[in-house]
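As the structure is a computational prediction, the values presented were derived from the model and not from experiment. Numbering of ligands and ligand atoms starts at 1, following listing order. Reckoned from all heavy atoms, side chains included, excluding hydrogens, waters and symmetry mates.
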Amino acid sequence: MIDLHYWTTPNGHKITIFLEEAGLPYKIVPVDIRAGDQFLPAFLKISPNNRIPAIVDHQPAGGGAPVSVFESGAILSYLAEKTGKFLPLDLRKRVEVTQWLFWQMGGLGPMAGQNHHFVQYAPEKIPYAIDRYVNETNRLYGVLNRRLADRAFIGGEYSIADMAVYPWVVPHERQRQKLEDFPHLKRWFESIRDRATVKRAYAKADEINIKPTVDNQSSKVLFGQTNASLSR
Ligand SMILES: N[C@@H](CCC(=O)N[C@@H](CS)C(=O)NCC(=O)O)C(=O)O
């Protein structure tokens with residue numbers, strides 16, 4: 001059994017998508033990041049960066065003590081290696097997947113995350129910051145659109161790269177992007193959206209978080225964190 005320490009955000013959805021796709025048994029442990037659950041000592045033990053997602057695998061390959069993993073890219077790689085699914089073994093095919101996985105982790109995720117912050121959450125609307133992240137998201141969507149011009153999926157075959165990227169394209173409207181401007185990306189997006197497994201993953205989120213909003217109280221927990229936030 002895998003315990004998935006999870007909240008209903010793009011990085012959380014990556015892992016429910018994988019687990020649904022692979023058909024692995026898992027138990028969701030909700031970590032309400034608006035309420036500050038990410039600072040609980042038991043959670044920090046497995047996720048020292050106070051971020052979801054994290055997993056604990058109680059039946060790791062080779063047996064022994066449970067294995068815990070934080071960082072969504074590391075979790076996807078771990079689960080792909082555990083199951084032998086969605087990460088090809090062939091050297092050339094594998095590198096196609098890993099480079100786009102890292103592209104998401106180091107590029108699209110952080111840039112779109114800042115886009116969400118400055119467009120939606122920042123109490124002060126700062127045009128320079130909004131333009132910077134909306135433009136960078138736009139550039140990255142263009143990179144992805146070109147990548148998808150001659151292949152069905154980002155790595156060639158359906159893989160953990162698609163699972164990492166898709167949840168960050170779901171909020172394209174609030175990122176101020178129009179999928180019509182990116183026809184290959186749009187076609188790919190719709191093909192992932194229509195997968196029964198992906199629908200099941202998002203349905204789980206709707207069960208767990210019936211009111212997905214960030215109010216004044218949760219803004220105080222989520223924004224302006226410093227080292228002191230971790231030593232409470
Ligand atoms: N690079 C990390 C980022 C994880 C991350 O930013 N998680 C957010 C939710 S999407 C979170 O836990 N936020 C809690 C907080 O900001 O305190 C990963 O991909 O796992």
> With sequence neighbours left out, which residue pairs that include part of residues 177-199 fulfil the ring pair (Phe, Tyr, Trp, His ring centres under 6.0 Å) condition?
Replying inline: Y141-F182, Y166-F189, H172-F189
>> Under the rule for ring pair (Phe, Tyr, Trp, His ring centres under 6.0 Å), what residues qualify as partners of Y6, not counting sequence neighbours?
In response: none
> Could R139 and E136 be called an ion pair, given the rule that one side-chain N must be under 4.0 Å from one carboxylate O?
Replying inline: yes
>> With a 4.0 Å cut-off on N to O distance, would you call D90 and R92 a salt bridge?
In response: no
>> Strictly distance-based, threshold 3.5 Å: is any side-chain N or O of T83 a donor or acceptor partner for the main-chain N or O of L79?
In response: yes
Please list every donor-acceptor pair under 3.5 Å in which a side-chain atom of residues 152-160 meets a protein atom from a residue at least two apart or in another chain.
from: Y158; atom 1: OH; to: E21; atom 2: OE2; distance (Å): 2.7
from: S159; atom 1: OG; to: A161; atom 2: N; distance (Å): 3.1

Polar pairs, ligand 1 vs protein, N/O only, below 3.5 Å.
from: ligand 1; atom 1: 1 (N); to: E71; atom 2: OE1; distance (Å): 2.8
from: ligand 1; atom 1: 1 (N); to: E71; atom 2: OE2; distance (Å): 3.2
from: ligand 1; atom 1: 7 (N); to: I52; atom 2: O; distance (Å): 2.9
from: ligand 1; atom 1: 12 (O); to: I52; atom 2: N; distance (Å): 2.7
from: ligand 1; atom 1: 16 (O); to: R51; atom 2: NH1; distance (Å): 3.3
from: ligand 1; atom 1: 17 (O); to: Q38; atom 2: NE2; distance (Å): 2.7
from: ligand 1; atom 1: 17 (O); to: R51; atom 2: NH1; distance (Å): 3.2
from: ligand 1; atom 1: 17 (O); to: Q225; atom 2: NE2; distance (Å): 2.7
from: ligand 1; atom 1: 19 (O); to: S72; atom 2: OG; distance (Å): 2.6
from: ligand 1; atom 1: 20 (O); to: S72; atom 2: N; distance (Å): 2.8

